[in-house]
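Structure, as structure tokens:
Per chain, numbering begins at 1; letters A, B, ... match sequence-line order.
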Number of protein chains: 2
Amino acid sequence: MSLQNTLKALSDPIRREILNLLKGGRLSAGEITGHFSVTGAAISRHLSLLREADLIRDTREGKFIFYELNASVLEEIMLWITDLKGANDHAEEE
Amino acid sequence: MSLQNTLKALSDPIRREILNLLKGGRLSAGEITGHFSVTGAAISRHLSLLREADLIRDTREGKFIFYELNASVLEEIMLWITDLKGANDHAEEE
DNA sequence: TTAACATTTAACTTAATCGTTAAATATAAC
DNA sequence: GTTATATTTAACGATTAAGTTAAATGTTAA
């Protein structure tokens, strides 16, 4: 169920861009929203999906909620792909 | 556009399972269909999406169409994830 | 305790996705 | 050439996804 959640979360370009933004450090929901041309409500839903996939973590500080990247769950995708590529690389050698 | 296509293709469990099946070698559309409890038409559409994402290649041989894995496009995802994880790993060290 | 700000949740609309059945296409076999 | 087999494409219905606006929640500050 976890790999499914992760890949689903990554299949949307806005959500991927949010992750890219968070590479530079934690940002509040409002700061994230500022980077896109959709409403805060829409971004909030994207953030919630990313959180459910455990790709981000959130901390409230006063009236702000800060989001930060948690890329460790991507390890599972790396393993899955490595497995798949392994089989393929072998085939390409023939 | 390519990363988007690839991740979209990978976001469906049946399509991922098709790729897993093809790890073991080429299979005809019918053989692939046999592994699932959906119709051949549904599998055909999944195969077409995987082909558009260049994750598989097809060759007709007589009345069969054989599909084989092309995992090389997954490299792009690996790079994207590595980039993301790199930023995150650094943060975790602090 | 009211007003303002930051964010989420709810209700709704539209578009995309996935499945089905039926028809079309391509090849092989009789 | 007609029939059978393998696969795809078309047309349709159901479900999910993504966006919007409006209302709700949580926090700070007057």
>> If the condition is side-chain hydrogen bond (donor to acceptor under 3.5 Å, both in side chains), which residues does B/Glu17 pass it with, not counting sequence neighbours?
In response: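 Counting only residues at least two positions away or on another chain, B/Glu17 forms no side-chain hydrogen bond (donor to acceptor under 3.5 Å, both in side chains).
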>> Could you work out, with side-chain hydrogen bond (donor to acceptor under 3.5 Å, both in side chains) as the rule, every residue matching A/Glu76, not counting sequence neighbours?
In response: A/Ser2
> Heavy atoms under 4.0 Å, any strand shown: does B/Phe36 hit a base, just sugar-phosphate, or nothing?
Replying inline: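 No contact.
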> Contact class for B/Ser28 (heavy atom, under 4.0 Å): base, sugar-phosphate, or nothing?
Replying inline: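 Counting heavy atoms under 4.0 Å across all strands, the contact made by B/Ser28 is with sugar-phosphate only.
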> How does protein reach along nucleotides 22-30 of chain C, written 5' to 3' as B (base within reach of a heavy atom under 4.0 Å), S (only sugar-phosphate), or - (no contact)?
Replying inline: -----SS--
>> Taking transitive links into account, so neighbours of neighbours count too, which hydrophobic residues share a cluster with B/Leu79 at under 4.5 Å side-chain distance?
In response: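 Grouped by the 4.5 Å side-chain rule, B/Leu79 forms a cluster of one, so the answer is none.
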> Who else is in the cluster with B/Phe66 when I, L, V, M, F, W and Y are joined by side-chain contacts under 4.5 Å?
Replying inline: B/Phe64
> When you measure from every atom of DNA chain C, which of residues 42-54 of chain A have a heavy atom less than 4.0 Å away?
Replying inline: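 The answer is A/Ser44.
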>> By nearest heavy atom, map A/Ile14 and B/Phe64 onto DNA chain D; which one lands nearer the 5' end?
In response: B/Phe64
Nearest-Å distance for atom pair [atom1]/[atom2], residues [X] and [N]:
{"X": "A/Glu31", "N": "C/dC5", "atom1": "CD", "atom2": "P", "answer": "17 Å"}
{"X": "B/Phe66", "N": "D/dT5", "atom1": "CZ", "atom2": "P", "answer": "17 Å"}
{"X": "A/Ile65", "N": "D/dT27", "atom1": "CD1", "atom2": "P", "answer": "9 Å"}
{"X": "A/Ile56", "N": "C/dT8", "atom1": "CD1", "atom2": "C1'", "answer": "13 Å"}
{"X": "A/Arg15", "N": "D/dA18", "atom1": "CZ", "atom2": "C1'", "answer": "9 Å"}
{"X": "B/Asp58", "N": "D/dT9", "atom1": "CG", "atom2": "P", "answer": "10 Å"}
{"X": "B/Asp12", "N": "D/dT15", "atom1": "CG", "atom2": "C1'", "answer": "14 Å"}

Could you give the side-chain donor-acceptor pairs of residues 32-49 of chain A under 3.5 Å, partners two or more places apart or in another chain?
from, atom 1, to, atom 2, distance (Å)
A/Thr33, OG1, A/Ala29, O, 2.9
A/His35, ND1, A/Glu31, O, 3.0
A/Thr39, OG1, A/Ala42, N, 3.3
A/His46, ND1, A/Arg15, NH1, 3.0

> Nearest heavy-atom pair of B/Asn5 and B/Ala53: which atoms, and what distance?
Replying inline: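 Distance-wise, the nearest heavy atoms are O-CB, 3.9 Å.
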>> Just verifying a value: how many Å separate B/Ile56 CD1 and B/Leu69 CG, rounded to the nearest 0.5 Å?
In response: 9.0 Å
>> Please list all pairs meeting side-chain hydrogen bond (donor to acceptor under 3.5 Å, both in side chains) that have one or both residues in residues 58-69 of chain B, counting only residues at least two apart or in different chains.
In response: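 For residues 58-69 of chain B: B/Arg26-B/Glu61.
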